[in-house]
Amino acid sequence: MRLDSKRIVITGAVDNIGKAAVQAFIAEGAKVVIGDIDTERGTKVAEEFGPSVKFVRVDVSDETSVENLIGDAVDWLGGLDVLAQNAGLMMSGSILDFDTATFDRLFAVNVKGLFLGAKHAVPHLKKSGKGSIINTASLAAKRGGPGLTLYSASKGAVISFSSTLAIELAHHNIRVNTICPGWVDTAFNKPIIDFMGGETEQMSKVSSMVPLGRQGLPGEIAPLFVFLASDESSYMTAQAILADGGAYST
Ligand SMILES: NC(=O)c1ccc[n+]([C@@H]2O[C@H](COP(=O)([O-])OP(=O)(O)OC[C@H]3O[C@@H](n4cnc5c(N)ncnc54)[C@H](O)[C@@H]3O)[C@@H](O)[C@H]2O)c1
């Protein structure tokens with residue numbers, strides 16, 4: 001029970017990487033509030049996981065909605081120890097095709113969302129005397145590719161926002177770290193797979209780019225969430241941790 005009695009809010013967790021993290025959190029004894037824009041799947045996931053999990057609808061790009069999520073979560077959990085911000089959007093295209101509305105939406109969810117979550121959660125983490133904020137970035141923040149300019153830039157901002165916040169909050173014993181998955185086998189990547197020309201092209205890219213020769217699975221990212229949420233990572237802050245099958249090193 002590495003997370004016994006930890007009170008956790010995680011966004012973007014009705015499926016895939018986030019859902020696997022929730023499963024791992026509750027297996028280690030945590031109580032979890034899932035915040036996501038997808039009410040239908042969120043309600044189902046909370047039912048599936050049982051009494052240690054509650055779902056609250058949130059649009060992370062909207063400040064009132066984020067404030068409500070944190071308020072509801074703190075009431076239900078009785079405080080807050082961990083904020084995991086995993087909600088994200090992927091948009092792919094050439095620089096000539098992107099428009100400003102796409103830019104604004106992508107950055108509103110992937111970057112402004114993290115700012116809003118941290119802003120409203122930090123007062124509660126301070127009250128707990130220590131805390132952990134875990135933000136999901138991407139391999140794409142460090143190593144992009146054609147079609148990924150805006151997504152890569154947004155995830156690069158996640159890393160610099162997080163490491164700077166880590167420095168700002170360190171004297172409150174609040175740690176801030178970033179998880180950077182490489183290619184993980186979820187439908188999230190459909191826009192970039194389409195841009196690349198389909199799954200055959202993507203698979204050929206994965207086998208040439210990833211030393212382990214395959215995509216990761218959500219359950220292979222989840223243990224990092226547990227580690228960063230737990231006191232086992234008590235001396236780690238301002239880090240961006242890759243789980244990418246070695247792709248960044250090639
Ligand atoms: N799949 C990959 O290869 C990969 C690689 C690197 C990083 N990531 C990151 O991992 C995270 C999870 O990705 P995933 O692959 O599990 O896909 P996913 O689609 O299951 O996760 C994204 C989640 O964010 C939610 N969301 C989107 N907009 C929202 C909003 N405005 N407010 C609240 N919730 C919103 C979605 O409903 C969804 O549950 C994302 O941040 C993504 O950028 C994924």
Side-chain angles (χ1 to χ4, degrees), residues 9-24 33-46 55-70 73 83-92 104-117 134-145 147-148 150-159 161-162 178-193 196 199 202-203 205-206 209-210 214-222 224-225 240-245 247-248:
V9 171
I10 180 168
T11 65
V14 299
D15 205 349
N16 304 316
I17 295 172
K19 185 179 174 188
V22 174
Q23 191 163 18
V33 169
I34 297 174
D36 201 288
I37 202 162
D38 188 335
T39 304
E40 199 183 322
R41 286 198 295 171
T43 309
K44 272 193 200 142
V45 167
F55 172 74
V56 177
R57 188 195 177 274
V58 69
D59 177 351
V60 297
S61 67
D62 178 85
E63 181 156 20
T64 306
S65 183
V66 173
E67 199 173 359
N68 289 340
L69 165 69
I70 300 296
L83 173 68
Q85 305 202 88
N86 185 63
L89 282 184
M90 149 73 75
M91 290 175 186
S92 182
D104 289 346
R105 186 65 192 147
L106 194 62
F107 275 71
V109 174
N110 290 4
V111 185
K112 186 170 89 172
L114 298 193
F115 152 62
L116 294 176
I134 305 163
N135 293 326
T136 306
S138 172
L139 167 66
K142 294 167 175 275
R143 180 178 174 179
L148 284 174
L150 299 190
Y151 180 75
S152 291
S154 74
K155 292 298 189 176
V158 173
I159 294 179
F161 172 80
S162 305
T178 309
I179 295 174
C180 302
W183 285 103
V184 179
D185 189 6
T186 78
F188 182 84
N189 286 325
K190 187 170 185 317
I192 183 62
I193 293 170
M196 290 165 86
E199 282 186 17
Q202 183 221 10
M203 280 306 145
K205 174 92 177 165
V206 166
M209 178 183 176
V210 182
R214 62 173 176 84
Q215 298 188 85
L217 299 170
E220 293 178 298
I221 309 300
L224 273 177
F225 281 87
I241 304 165
L242 282 158
D244 67 345
Y248 182 58

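Positions are given from 1, in the same order as the sequence printed here. Read the numbers this way: they start at 1 and go in the same order the structure lists the ligands and their atoms.
Close approach of ligand 1 to I17 (heavy-atom distance below 4.0 Å) involves ligand atoms 10 (O), 15 (O), 16 (O), 44 (C). Against a heavy-atom cut-off of under 4.0 Å, W183 is close to the following atoms of ligand 1: 3 (O). For ligand 1, the atoms closer than 4.0 angstrom to any heavy atom of V58 are 32 (N), 33 (C). Contact atoms of ligand 1 toward V184: 1 (N), 2 (C), 3 (O) (distance under 4.0 Å to a heavy atom of the residue). The ligand atoms of ligand 1 that sit less than 4.0 angstrom from a heavy atom of A87 are 24 (O), 34 (N), 35 (C), 41 (O).
The protein non-hydrogen atom at the shortest distance from atom 5 (C) of ligand 1 is G182 O, 3.0 Å. For atom 38 (C) of ligand 1, the closest non-hydrogen atom of the protein is D36 OD2, 3.6 Å. From the protein, the heavy atom lying nearest to atom 6 (C) of ligand 1 is P181 O, 3.2 Å. Looking from atom 1 (N) of ligand 1 to the surrounding protein, the closest heavy atom is T186 OG1, 3.1 Å. Of the protein's non-hydrogen atoms, the one nearest atom 23 (C) of ligand 1 is G12 CA, 3.6 Å. In this structure, atom 29 (C) of ligand 1 lies nearest to the protein heavy atom I37 CG2, 3.8 Å. Closest to atom 41 (O) of ligand 1, if we only count protein heavy atoms, is N86 O, 2.8 Å. Of the protein's non-hydrogen atoms, the one nearest atom 32 (N) of ligand 1 is V60 N, 3.0 Å.
In this structure, I193 and E199 have side chains that are in contact, with non-hydrogen atoms separated by less than 4.5 Å. In this structure, R57 and I37 have side chains that are in contact, with non-hydrogen atoms separated by less than 4.5 Å. Looking at T178 and V158, their side chains come closer than 4.5 Å, going by heavy atoms from C-beta outward. Within the 4.5 Å cutoff, side-chain heavy atoms of P218 are placed close to those of T186. A 4.5 Å side-chain heavy-atom check between I17 and F225 finds at least one atom pair inside the cut-off. The shortest distance between side-chain heavy atoms of I10 and V22 falls below 4.5 Å. Side-chain contact between L242 and K142: present, with at least one pair of heavy atoms (C-beta onward) separated by less than 4.5 Å. Proximity of L148 to I192: side-chain heavy atoms (C-beta onward) are separated by under 4.5 Å at one or more points.
Of the possible polar contacts, one joining the Q85 side chain to the L114 backbone as a donor-acceptor pair under 3.5 Å is found.
Neither the backbone nor the side chain of P218 comes within 4.0 Å of ligand 1, counting heavy atoms alone. Contacts between K190 and ligand 1, counted as non-hydrogen atom pairs separated by less than 4.0 Å, are absent for every part of the residue. By the criterion of a heavy-atom distance under 4.0 Å, neither the backbone nor the side chain of L139 is placed next to ligand 1. Residue V109 touches ligand 1 through its side chain alone, judged by heavy-atom distances below 4.0 Å.
The shortest N/O to N/O separation between N16 and ligand 1 falls below 3.5 Å. Between R41 and ligand 1, not a single N/O pair is under 3.5 Å apart.
Close to ligand 1: A137, with a non-hydrogen atom less than 4.0 angstrom away. The closest approach between Q215 and ligand 1 stays at or above 4.0 Å for every heavy atom of the residue. Between R105 and ligand 1 there is a heavy-atom distance shorter than 4.0 Å. Note on ligand 1: D59 sits in its first shell, one or more heavy atoms being nearer than 4.0 Å.
Scored by the salt bridge (charged side-chain N to carboxylate O under 4.0 Å, His left out) test, K155 finds no partners at all (sequence neighbours excluded). Listed by chain and residue number, nothing satisfies the salt bridge (charged side-chain N to carboxylate O under 4.0 Å, His left out) test with E67 (two or more places apart in sequence, or in another chain).
A donor-acceptor contact closer than 3.5 angstrom links the side chains of R105 and S61.
Across all their heavy atoms, V58 and G35 have their closest contact at CG1-C, 3.4 Å.
Using a 4.0 Å cut-off between charged nitrogen and carboxylate oxygen, D36 and R41 do not count as a salt-bridge pair.
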